[in-house]
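So that the names make sense, note that chain A is the first sequence line, chain B the second, and so on, each numbered from 1.
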2 protein chains.
Amino acid sequence: MPRETFFNLPKDKRDHIITAAIEEFSQAGYSTASTNQICKKSGIPKGSFYQYFTDKLDLYVYIMTLAIEEKIRFFSVALTEFPALSLLEQIRLLFTKGIEFAKTHPQYAALGEQFSKESDESAKSAVIKEGDKRSDTLFLQMIDQAKAKGEIDDSVDAQALSLLLQSLNSAVNSYMQDRYGSLSYEEHEKDMKHFIESLLNILYRGIKK
Amino acid sequence: MPRETFFNLPKDKRDHIITAAIEEFSQAGYSTASTNQICKKSGIPKGSFYQYFTDKLDLYVYIMTLAIEEKIRFFSVALTEFPALSLLEQIRLLFTKGIEFAKTHPQYAALGEQFSKESDESAKSAVIKEGDKRSDTLFLQMIDQAKAKGEIDDSVDAQALSLLLQSLNSAVNSYMQDRYGSLSYEEHEKDMKHFIESLLNILYRGIKK
DNA sequence: TAGAGATATGACCACGTGGTCACATGTGGT
DNA sequence: ACCACATGTGACCACGTGGTCATATCTCTA
């Protein structure tokens with residue numbers, strides 16, 4: 001956690017630093033990100049950096065915490081807005097909301113992308129310890145609920161389905177990124193909706209004739 | 001491509017260098033890997049390194065090429081061994097062979113893992129240019145074939161299914177890695193087989209009741 | 001045996017890194 | 001007006017990086 005000095009800073013200066021850090025970490029990931037660059041971008045001297053944060057990792061974990069909080073807030077708002085959806089509808093909602101999140105919070109999304117690629121294990125575990133992996137339990141909860149309601153077949157393995165949904169969720173995002181890059185969301189909304197429906201169709205009916 | 005000097009080297013010295021490079025790149029990825037470390041590990045002086053390779057990227061692309069060739073050979077042998085399998089059987093074969101490859105060639109598998117995480121775009125594109133992405137076309141071919149044979153439903157979106165299979169394939173591998181680490185393959189063969197069957201079951205029948 | 005051309009070698013370079021520290025500047029209370 | 005203490009600051013450190021180059025050592029031909 002950042003030192004008290006950091007939180008005593010005037011809000012706009014703090015925000016400058018946060019913005020600069022998000023920018024750097026979302027482009028470079030933890031290990032290749034440069035504290036010098038963050039200082040230069042936010043206009044603070046090197047010495048001040050180490051007045052505010054104990055080290056690079058301290059800042060990184062703080063930034064990731066902000067991003068995680070934001071994303072969780074985003075999803076849970078979406079889910080509670082529509083209670084009593086079927087599993088398939090819930091999944092559809094999460095997919096589309098996932099894309100929406102990446103669109104409205106591109107920096108946070110990029111941060112997450114970089115995090116999943118991070119090779120520095122100590123940095124990864126430090127972030128995870130500070131709270132994540134809730135998406136897995138979220139999916140498992142949804143699946144169990146749906147089974148209880150008799151929505152889906154009992155022969156479906158919950159663990160396997162959860163893995164499938166997780167990998168699918170990230171795959172959809174990177175697919176959209178690869179295909180349309182940073183182009184406007186609205187322009188390709190139809191394509192994306194159609195693609196998601198195709199996936200859901202496979203998921204629901206299976207591929208058998 | 002390495003310089004001629006490199007290929008004139010006695011085979012065991014060349015192999016030492018290759019081994020050291022694989023070790024380093026599979027642990028650190030391209031951008032964080034250190035040429036100094038590779039020199040130290042393989043026992044060659046710094047000067048010799050730059051006698052053999054034009055630069056770090058030259059060596060990296062060469063190593064990746066070796067890994068890709070090996071993996072493609074592995075898969076195509078497996079597929080041609082059993083001609084006339086159904087799509088589901090082909091997919092099952094690829095999943096299990098994928099795990100087997102990761103088990104028998106852990107270094108190469110780790111190399112691929114690191115590559116997919118690589119953030120240095122120039123390195124990525126240099127490797128891709130030298131030949132990859134065949135797995136995507138492989139899946140698409142299999143799907144088209146299966147459709148032609150009337151094995152799977154026409155309403156299934158080939159592109160969507162291919163993406164699903166790709167992401168699932170890598171997800172299965174990292175899942176196994178996370179769960180069982182480097183433990184012996186045989187010990188958990190049953191678990192893994194069971195897990196794969198669960199996934200194939202969802203894929204085939206869908207999740208609907 | 002001489003000499004030419006390929007190959008081996010490690011000291012060296014400029015640079016960027018994360019992190020430190022002595023000192024300058026601000027701020028609030030007396 | 002003073003002083004104590006929090007805060008700001010950038011020159012500096014040791015180190016590791018990818019890459020170079022003059023020189024030493026081979027090897028093979030004449």
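- Aromatic ring pairs are classed by plane angle as parallel below 30°, tilted from 30° to 60° and perpendicular above 60°; the pair Tyr30(A) and Phe25(A) is parallel.
- Contact between the side-chain N/O atoms of Ser48(B) and the OP1/OP2 oxygens of dA8(C) is not found at any separation under 4.0 Å.
- Which of dA8(C), dG10(D), dT7(D) sits closest to the side chain of Lys13(B) comes down to dA8(C).
- Ring geometry, Phe75(B) versus Phe101(B): the interplanar angle falls under 30°, so the pair is classed parallel (tilted spans 30 to 60°).
- Contact annotation for Lys56(A): backbone-only contact, meaning every heavy-atom pair under 4.0 Å involves sugar-phosphate atoms and none involves a base.
- Distances shown here put a side-chain N or O of Tyr50(A) below 4.0 Å from the OP1 or OP2 atom of dG19(C).
- The minimum heavy-atom distance between Ser42(A) and Ile17(A), with the atom names listed, is CB-CA, 3.8 Å.
- The side chain of Ser34(A) places an N or O atom within less than 4.0 Å of a non-bridging phosphate oxygen (OP1 or OP2) of dG18(C).
- In this model, the phosphate group of dT17(D) is approached by a side-chain N or O of Asn36(B) to a distance below 4.0 Å at OP1 or OP2.
- For the pair Lys124(A) and Phe115(A), the cation-pi test (distance below 6.0 Å, angle within 45°) is passed.
- For the OP1/OP2 pair of dT7(C) and a distance below 4.0 Å, the side-chain nitrogens and oxygens of Asn8(B) include at least one atom meeting the criterion.
- For the pair Gly47(A) and Tyr30(A), both in contact range of DNA chain C, the more 5′-proximal nearest nucleotide belongs to Tyr30(A).
- Listed pair Tyr52(B) / dT7(C) fails the phosphate criterion, with no side-chain N or O lying under 4.0 Å from OP1 or OP2.
- Leu57(A) comes within contact range of no nucleotide atom at all, as no heavy-atom separation falls under 4.0 Å.
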